[in-house]
Asks: 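Below is a structure I'd like to ask you about.
To find a chain, count down the sequence lines: A is the first, B the second, and so on, and within it residues start at 1. Remember, predicted model here, so these are calculated numbers, not experimental data.
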There are 2 protein chains.
Amino acid sequence: MSPKVTLKAVAAQAGVSYQTVSKVLNGQLQVSPETHQRILEAAQSLGYRPNQIARNMRAGRSFMIGYSWVQTSPDQVNHILDQFLSSMVREAEAAGYHLLPFPFHEGEEQVDAYRELIATRRVDGFVLTSVDYNDPRIHFLLERGFPFVAFGRSNPELDFPWVDVDGAAGTRQAVEYLLARGHRRIAALAWPESSRVGNDRLEGYFQAMQAAGVSLCPHCLLRGEGTFEVGREMTLRLLDLPAGERPTALIALNDTMAIGAMYAARERGLEVGRDLVVIGFDDAPMVQYLYPPLTSIRQPIAQAGRKCVEMLVTLLEGKPLGERHVLLAPRLILRASA
Amino acid sequence: MSPKVTLKAVAAQAGVSYQTVSKVLNGQLQVSPETHQRILEAAQSLGYRPNQIARNMRAGRSFMIGYSWVQTSPDQVNHILDQFLSSMVREAEAAGYHLLPFPFHEGEEQVDAYRELIATRRVDGFVLTSVDYNDPRIHFLLERGFPFVAFGRSNPELDFPWVDVDGAAGTRQAVEYLLARGHRRIAALAWPESSRVGNDRLEGYFQAMQAAGVSLCPHCLLRGEGTFEVGREMTLRLLDLPAGERPTALIALNDTMAIGAMYAARERGLEVGRDLVVIGFDDAPMVQYLYPPLTSIRQPIAQAGRKCVEMLVTLLEGKPLGERHVLLAPRLILRASA
DNA sequence: AACGTTCGCGCGAACGTTCGCCTATATGAT
DNA sequence: ATCATATAGGCGAACGTTCGCGCGAACGTT
């Protein structure tokens, strides 16, 4: 079993040609019941397993799906990765594919990594994450006509298959909840306007406020990088507003800023959940252990990963895509902070 | 460029045989300067890149490293994964290898996944994590003589290459720090005795206490699964001890239990860092944002990932391994909780 | 002038698989 | 008896690469 068991070995044992073994095992040839039996037994007893490299060679494809992700800084957490990767790997394996993770490069050379994987025929398609407006990878792959599915949308005029979480629906849900609890001055800690995901999430905030006929409080929309420190500083500014203008609730476009907000509230001697209500976004695993536990919006990450691979495999098999765009609904997880 | 550029295409353009192109590009054949130039230019202008599938076919290897990890439950965080995976992927790529992630299976069928990847020749070697005593994968791979490197030790009598973090050194550092600050009753929230990693980390606790000549306080060593809830309950039990027996400091073998401990302290109206000192283990990215920020022990994960791949690649290239066992030192990260 | 030696390059083979085509025998219809 | 047809399985080729061997020409030595 350790020396390579090839079709020829099985054929020798079964007393047929190796091509016949191939066809029989792949169900492409009808043979006499006895021969069929002999071949199956030989394959079984020798422990034959097809050499995937040779299969790839013959098929001219690698049955690999390229995937690259931005590595978070060591003090940030990528709680997404485990779920997303695991779900993709499982879905891919079920379809006879595997994932090929490769290092993420910033800037100009980013597309080079994709080009190289295509040129060396290491992958049959890509799953993209962290896409943004005018993502060079999308332009490149569309131009090359190379199969890919993106987790996340980009420019509306670019036509490509994607799966995304409906961020607007998430914040809308959260803001509606806050409005129903009587809050009127609801602040938002947002990302810079250049962030597509940020704009999506923010949209739900506007929608909910407008639908309720509640005008935005002045100074209540703050933007910055989504870090703890930025969240803290923005919140301190909000809390220093005169009493009548000060927001009673706050929604952050990610958990890290929400945690910064909670920290700021404590610095001002306020109790989160009572004096200031805070809602985050992402529902990172640890936020349930914060004091108080953070209300946040959870994305169906595993489902997204499965869907991305499922769609990509459909493309790779040359079948028509049922739905080119999939929008998944996030869920508000209520905890003591709101 | 989109139609396949093979050696033959380059050869046709350069006016030589395709085998010559191969050898020249691989630096295995000395040719006249003019021919050399012609070949390089042809390869360049056509954008030739070797077909990796064919290379694998020829070499009889896949240049892939199999890796599988236990998926944490959705409410736990695997902050390790991003760093570990990224570092491995980078190191592998630099050596001409790629990572092949595959789904983790529990129980009996776990080894089957490894067997299948070997039989179908999809991987040349494995990196193992989450190894424990009598890990069936280690037994299987040793028996097969298939190359692998483990991140984590197993039974002492099993001889295989590994990289590990010196957990004992980590807790020793932490306990020495606590002792130097005057603490004498130092509790430990530990894992069940069946956990190898737990025993390693606990060892440092014993060593430091013994070296200082401080006897362990009774009831101060508690064991359980490393969850928030277990950490909380164990700490409540400690805090309910009579004043003279109650520990003044506590070290948890992972951050999740430490966070449970902080929660328990708050429930009893104690202030962490003043009334009860808490140290965690792992230094998960978010613990810096807890209130108070958690002192914890950080493992050099990226370094471990690089080392694992480096050693495995050395094995795969048939070179002798400099060091079969690598023990990396963790670092105590001091914050307000201790 | 004859003879090794090096240089520059071509040629055939092989890795293991799948696919299309071919052949020989058996089966049925005319 | 003849011919078309189906059945069972063999055979050659190809995917793109690398590797070992061979061969002619140029070169230097005696």
Asks: Nearest whole Å is fine: how far is D/dT17 C1' from B/R49 CZ?
Replies: 14 Å

Asks: Would you tell me if any nitrogen or oxygen in the side chain of A/N26 comes within less than 4.0 Å of OP1 or OP2 on C/dT18?
Replies: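 Checking C/dT18 against A/N26, a side-chain N or O does come within under 4.0 Å of OP1 or OP2.
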
Asks: Consider only side-chain N and O atoms of A/S45 and A/Q13, and report whether a donor and an acceptor are under 3.5 Å apart.
Replies: yes

Asks: Should A/S22 be listed as having a side-chain N or O under 4.0 Å from OP1 or OP2 of C/dT18?
Replies: yes

Asks: Is a donor from one side chain sitting under 3.5 angstrom from an acceptor on the other, for B/Y67 and B/T129?
Replies: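 Side-chain D/A pair, B/Y67 to B/T129: present.
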
Asks: Is the B/F146 to B/F140 ring centre distance short of 6.0 Å?
Replies: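 Not under 6.0 Å, so no.
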
Asks: Please determine whether side chain to side chain contact (heavy atoms under 4.5 Å, CB included) holds for the pair A/V16 and A/R38, giving the CA-CA distance in whole Å, both sets of side-chain angles, and the decisive distance to 0.1 Å.
Replies: CA-CA 9 Å; A/V16 292; A/R38 276 208 323 280; 3.9 Å; yes

Asks: Rounded to the nearest 0.5 Å, what's the gap from OG on B/S62 to CE on B/M57? Could you check?
Replies: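 CE of B/M57 is found 13.5 Å from OG of B/S62.
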
Asks: Hey, can you pull the donor-acceptor pairs under 3.5 Å for the side chains in residues 103-114 of chain A, sequence neighbours left out?
Replies:
from, atom 1, to, atom 2, distance (Å)
A/D112, OD1, A/R115, NH2, 3.4
A/Y114, OH, A/R137, NH1, 3.1

Asks: With side chain to side chain contact (heavy atoms under 4.5 Å, CB included) as the criterion, how do B/I65 and B/L100 come out once you've worked through the C-alpha distance, each side chain's angles and the decisive distance to 0.1 Å?
Replies: CA-CA 6 Å; B/I65 297 171; B/L100 189 87; over 6 Å; no

Asks: Give a yes or no on whether B/Q28 atom CD has more than 12 heavy-atom contacts from other residues, nucleotides or ligands under 6.0 Å away.
Replies: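 Yes.
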
Asks: Heavy-atom count around B/H139 NE2 within 6.0 Å, excluding the residue itself: above 12?
Replies: yes

Asks: Round to a whole Å and report the spacing from CZ of B/F63 to C1' of D/dT18.
Replies: 11 Å

Asks: Going by an N to O cut-off under 4.0 Å, is there a salt bridge joining A/R153 and A/D164?
Replies: yes

Asks: Do A/D135 and A/S154 have side-chain atoms, one donor and one acceptor, less than 3.5 Å apart?
Replies: no

Asks: Could you note down all residue pairs passing side-chain hydrogen bond (donor to acceptor under 3.5 Å, both in side chains) where residues 306-318 of chain A supplies at least one of them, sequence neighbours left out?
Replies: A/Y97-A/E317, A/K307-A/E310, A/K307-A/E323

Asks: Kindly express the pairing pattern of DNA chain D in dot-bracket notation, using | wherever a base pairs with another strand and counting only Watson-Crick or G-U pairs under 3.5 Å.
Replies: ||||||||||||||||||||||||||||||

Asks: Could you identify which residues of residues 52-59 of chain A place a heavy atom less than 4.0 Å from some atom of DNA chain D, listed by residue number, or say none?
Replies: A/M57, A/R58

Asks: Which atom pairs link the protein and nucleotides 9-11 of chain C when you take only N or O atoms and keep those under 3.5 Å?
Replies:
from, atom 1, to, atom 2, distance (Å)
C/dC9, OP1, B/T35, OG1, 2.5
C/dC9, OP2, B/S32, N, 2.8
C/dG10, OP1, B/S17, N, 3.4
C/dG10, OP2, B/S17, N, 2.9
C/dG10, OP2, B/S17, OG, 3.2
C/dG10, OP2, B/T20, OG1, 2.6
C/dG10, O6, B/K23, NZ, 2.9

Asks: Atom NZ of A/K8 and atom P of D/dG10: how far apart are they, to the nearest Å?
Replies: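 Distance check: A/K8 NZ to D/dG10 P gives 14 Å.
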
Asks: Rounded to whole angstrom units, what separation is found between the CZ atom of A/R121 and the P atom of D/dC15?
Replies: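 Value for this atom pair: 13 Å.
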
Asks: Look for any protein N or O under 3.5 Å of an N or O in nucleotides 24-26 of chain D and output each such pair with its distance, or none.
Replies:
none

Asks: Between A/R61 and A/D124, is there a side-chain N and carboxylate O pair less than 4.0 Å apart?
Replies: yes

